[in-house]
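Accompanying notes for the structure given below.
As the structure is a prediction and not an experimental result, all values here were calculated from the model. We number each residue from 1, following the sequence as shown.
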Amino acid sequence: MNILLIAIGSIALSVMAQFSLKAGMSSAVVRAALSNADYVQSGIAISTNKFVLLGFLLYGVGAVVWLAVLSSWEVSKAYPLVGLGFALSLSSASFSANKSASRAYAARC
């Protein structure tokens with residue numbers, strides 16, 4: 001049971017990372033930099049955005065936590081839980097945008 005909680009924690013970190021990366025890449029500064037053909041400026045804007053950095057940090061911590069899961073469980077038992085992360089991301093995005101996700105949309109994701 002303890003490993004299950006660790007796995008859910010890792011998945012939650014990944015979901016939070018998705019939202020952080022989305023916030024960073026949707027920021028006005030990053031969008032403006034991406035609209036230019038200057039790849040250096042775009043790279044700087046992305047790599048210095050606090051939400052992008054937080055997203056990568058959350059992914060990194062989640063990956064380290066996931067290693068604890070893999071050290072205790074067989075891959076065939078652990079990886080089906082990764083699907084839970086996709087479901088949580090979809091439902092959280094639908095909830096935060098105050099929209100309902102249709103089955104067809106969910107199937108495409």
Side-chain angles (χ1 to χ4, degrees):
M1 182 66 172
N2 197 17
I3 295 297
L4 178 61
L5 293 176
I6 292 171
I8 291 171
S10 174
I11 292 165
L13 287 167
S14 295
V15 171
M16 289 186 288
Q18 284 287 334
F19 283 97
S20 184
L21 289 171
K22 174 62 177 163
M25 294 304 292
S26 297
S27 71
V29 173
V30 170
R31 291 174 64 108
L34 290 173
S35 68
N36 297 329
D38 186 359
Y39 297 118
V40 173
Q41 181 184 0
S42 296
I44 291 170
I46 292 168
S47 64
T48 59
N49 183 280
K50 64 183 176 182
F51 292 111
V52 172
L53 293 172
L54 177 62
F56 283 132
L57 176 68
L58 289 169
Y59 264 132
V61 172
V64 170
V65 172
W66 190 252
L67 291 175
V69 174
L70 292 178
S71 70
S72 299
W73 278 357
E74 295 294 323
V75 172
S76 61
K77 185 176 179 182
Y79 275 99
L81 289 176
V82 173
L84 178 63
F86 296 122
L88 286 173
S89 293
L90 176 63
S91 61
S92 298
S94 297
F95 180 74
S96 68
N98 202 14
K99 298 178 182 177
S100 62
S102 68
R103 288 185 185 181
Y105 177 78
R108 284 183 281 162
C109 293

Please report, to 0.1 Å, the donor-acceptor pairs under 3.5 Å made by any side chain of residues 60-78, with sequence neighbours excluded.
| from | atom 1 | to | atom 2 | distance (Å) |
| --- | --- | --- | --- | --- |
| Ser71 | OG | Ala68 | O | 2.8 |
| Ser72 | OG | Ala68 | O | 3.4 |

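With sequence neighbours excluded, the residues forming a side chain to side chain donor-acceptor pair (under 3.5 Å) with Ser27 are Asn49, listed by chain and number.
In the hydrophobic cluster analysis, where Ile, Leu, Val, Met, Phe, Trp and Tyr join through side-chain heavy atoms closer than 4.5 angstrom, Leu57 is grouped apart from Phe51. Leu84 and Tyr79 fall within the same hydrophobic cluster, where Ile, Leu, Val, Met, Phe, Trp and Tyr residues are linked whenever their side-chain heavy atoms come under 4.5 Å apart, directly or through other members. Linking ILVMFWY side-chain heavy atoms closer than 4.5 Å, directly or via other members, places Val15 and Phe56 in two distinct hydrophobic clusters. Hydrophobic clustering of Ile, Leu, Val, Met, Phe, Trp and Tyr side chains at less than 4.5 Å, counting indirect connections, keeps Leu21 apart from Val82.
Between the side chain of Ser10 and the backbone N or O of Ile6 there is no donor-acceptor pair closer than 3.5 Å. Remark: the backbone N or O of Ala23 is not paired with any side-chain donor or acceptor of Ser26 at under 3.5 angstrom.
Closest heavy-atom contact between Ala33 and Ser42: O-OG, 2.7 Å. Among all heavy-atom pairs drawn from Met25 and Arg31, the shortest one is O-CG, 3.6 Å. Nearest heavy atoms, Leu58 versus Ser20: CD1-CB, 4.4 Å.
Once rounded to the nearest 0.5 Å, the distance linking CG of Leu54 with CE of Met16 reads 9.0 Å. Atoms CD1 and CD1, from Ile8 and Ile3 in turn, are 11.5 Å apart once rounded to the nearest 0.5 Å.
Within the 4.5 Å cutoff, the side chain of Leu4 has heavy atoms near those of the Leu81 side chain. Counting heavy atoms from C-beta on, the side chains of Gln18 and Tyr59 come closer than 4.5 Å.
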